[in-house]
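Please read all numbers here as calculations on a predicted model, not as lab measurements.
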Amino acid sequence: MKKTFTLLALLLSVFSIYAQDPNILWQRTIGGSELEEPTFISGTNDGGFIVGGFSESDISGEKTENSRGGYDYWVLKFGSSGNIEWQKTIGSSQDDYLADAKQTPEGDYILLGGSDSDISGDKTENSLGYTDYWVIKLDSTGNIIWENTIGGDGYDNAAEVQITADGGYIIGGTSESGISGDRTVFNSSGRDAWVLKLDENGNILWQRSHNLMDSFSMGSIKVTADGGYIIGGTSRSPDFYSFMKVNASGNNVWEKYYGADGWQALTNLIITSDGGYLGVGFSDADASGDKTEDSQGGLDYWLLKLNSNGNIEWQNTIGGDSGDAPYTATETADGGYFITGYSYSNISGDKTENTFDSPDFWIIKLNSLGIIEWQNNIGGTNVDRLPNTVLYNDGNFIICGQSASNISGDKTENSRGGYDFWIIKHAATLGLEENPFAAAINLHPNPTTNTLQLNTQDKIINQINIYSMTGSKVLQLDINTVSPTVDVSSLASGVYYIQLYSGKNVALKKFVKE
């Protein structure tokens, strides 16, 4: 009998270790026998979504077409329940890297990536020199309508495509080409931002070269409400987050550069509902230059909220004691932000959960001031990284990243071989009222003059942070006690956020200092 109970306990222990995270509503592992790397996810007008990137697999796993040679574009259309509706392998005899895709209002798709191939496979034009932009228009079921190779005599690396109000497209990336091939604008910096406006048939209407300091790499380009666009990326030597706002006439409105004494790189940029911007990237710098907080250790998430003129409204350095890097941000219905990235850190700094095996996806929900409301570590026992996200039509989130994990941790399907796409539908656990840990905590007196008593039931509090209503951290306490009392007598009168950590739980409350 003792052996029976011991075996049962062991089985329950194993089940507990590998139980799926309750915030994961469903998940899919999608891949072939070789390497697949996702680069984007985008919603579709029928309530589904498309994901894509590049693949070197022949027919195997979920892959239904052989490689054309080297890496190919691989794009998949999913229905609202996560089922594959169609997929396409598009490529040539050399390497082709799909960077981004969007659905048009008519239900077609515009794809942007890079290729170094001559005519072969699906490619009907020779390379213009090294790597070119390769733009492809698909119909609603994934058939090629047209494709266009656009480049100069150097390396031209595509980043992002946006649909414009006239039914055409803005495409952007980084270029090392001089005037040659399709490039008609001078390159004054060696590597600049190269932006082109295309009509609905892929013909070039105009192009611009933007020199954002030296050795620029584009992270993102977005169309703005005035018909212009904003560029976000990284300038090297020294390292800066670089932003440029351009109006509808192609004239520069402003340029902004933000950096610190370390390595930083901008990975994404979104336009926020207030007409400003959120820059997402990573940094290993301590407080210096434009950075107001020290590194937690290694690379951290470094988030900058900018107003419409590119001035910093708030910033936050978020990380653990190892390397952490964000990839996408989505504004949520409550004015906060859903951040996806990956983490090598165990419990330390801002991180409240250990990795299953470095790295894992690290998902963070921020309020409108960039303060953490909750977070989630998602992974298996191998490499899980590069997560992108899109807000789903039901208010939840679809995350697509890369995984080499078999069944383990939060992962419920084995790898198909090498690296696969790992697609997760994650619950939108938004709002403090949905956090049971936060709901159980009481603050009194509130308003207060000198001290704030925290009733945390039986929960041990490990760390307390207090933030002003502009998002600045004004107090941090590292403790290990139940229901602590906090001295707030030194704070100026006003409204504050108090953030409490208890193991992997995070709570955020407001209080008034009189």
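S220 and K222 form a side-chain donor-acceptor contact under 3.5 Å, judged by distance and modelled atom types alone. Counted by atom type alone, S115 and Q94 present zero donor-acceptor pairs between their side chains at under 3.5 Å. In this model, a donor atom of one side chain and an acceptor atom of the other lie less than 3.5 Å apart for S403 and D384. Judged by distance alone, the side chains of T328 and T340 do bring a donor and an acceptor atom under 3.5 Å apart. Looking only at atom types and distance, the side chain of E34 has no donor-acceptor partner in the side chain of S55 under 3.5 Å away. There is no side-chain donor-acceptor pair under 3.5 Å between K291 and S283. In the model, N406 has no side-chain atom that pairs as donor or acceptor with a side-chain atom of S408 under 3.5 Å. Counted by atom type alone, D420 and T29 present zero donor-acceptor pairs between their side chains at under 3.5 Å.
Closest heavy-atom contact between N354 and I347: OD1-N, 2.8 Å. When all heavy atoms of I441 and A507 are compared, the closest pair comes out as CD1-CB, 4.0 Å. Smallest separation of non-hydrogen atoms from Q264 and T234: O-CG2, 3.5 Å. When all heavy atoms of H426 and N376 are compared, the closest pair comes out as NE2-ND2, 3.2 Å. Nearest approach of K411 to S405, heavy atoms of both residues: NZ-O, 2.9 Å. The two residues T389 and T330 have their closest heavy-atom pair at CG2-OG1, 3.4 Å.
Between D324 and L299 the shortest side-chain heavy-atom distance does not fall below 4.5 Å. In this structure, V383 and P359 have side chains that are in contact, with non-hydrogen atoms separated by less than 4.5 Å. Proximity of Y337 to T272: side-chain heavy atoms (C-beta onward) are separated by under 4.5 Å at one or more points. In this structure, the side chains of I372 and L508 stay at 4.5 Å or more apart for every pair of heavy atoms. Using a 4.5 Å heavy-atom cutoff, the side chains of L443 and L454 are in contact. By the 4.5 Å heavy-atom criterion applied to side chains, I110 and V135 are counted as neighbours. Side-chain contact between L386 and E37 is present, with at least one heavy-atom pair separated by less than 4.5 Å. You'll find the side chain of W362 reaches within 4.5 Å of the side chain of I318, heavy atoms only.
The residue from S295, S322, S343 that alone fulfils the side chain to side chain donor-acceptor pair (under 3.5 Å) condition with D300 is S295.
Ring centers of W86 and Y109: under 6.0 Å apart, within the cut-off. Taking the centre of each ring, F243 and Y257 stay at or above the 6.0 Å mark. Note: F511 and Y496 meet the aromatic proximity criterion, with ring centroids under 6.0 Å apart. Ring-centre distance between Y71 and F54: below the 6.0 Å cut-off.
Using the six-membered ring where Trp is involved, Y73 and W134 have ring planes that are tilted, between 30° and 60° apart. Ring planes of W26 and F49: parallel class, angle under 30° (limits at 30 and 60°).
Proximity of a side-chain donor or acceptor of E160 to a complementary backbone N or O of I221 within less than 3.5 Å is detected.
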inquiry  = Let's go through E293 and Q296 carefully: what are the C-alpha distance in whole Å and the side-chain angles of both, what is the deciding distance for side chain to side chain contact (heavy atoms under 4.5 Å, CB included) to 0.1 Å, and is it a yes or a no?
reply    = CA-CA 9 Å; E293 294 179 87; Q296 304 279 9; 5.6 Å; no

task = Walk me through it: do E36 and S57 pass the test side chain to side chain donor-acceptor pair (under 3.5 Å)?
result = CA-CA 8 Å; E36 280 78 43; S57 295; 2.4 Å; yes

task = Starting from the C-alpha separation in whole Å, work towards a yes-or-no answer on side chain to side chain contact (heavy atoms under 4.5 Å, CB included) for F78 and V51.
result = CA-CA 8 Å; F78 288 81; V51 300; 3.5 Å; yes

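Geometrically, K88 does not engage W74 in a cation-pi contact, judged by NZ or CZ lying under 6.0 Å from the ring centre and within 45° of the ring axis.
For the atom pair I423 CD1 and I41 CD1, the distance stands at 6.5 Å (nearest 0.5 Å).
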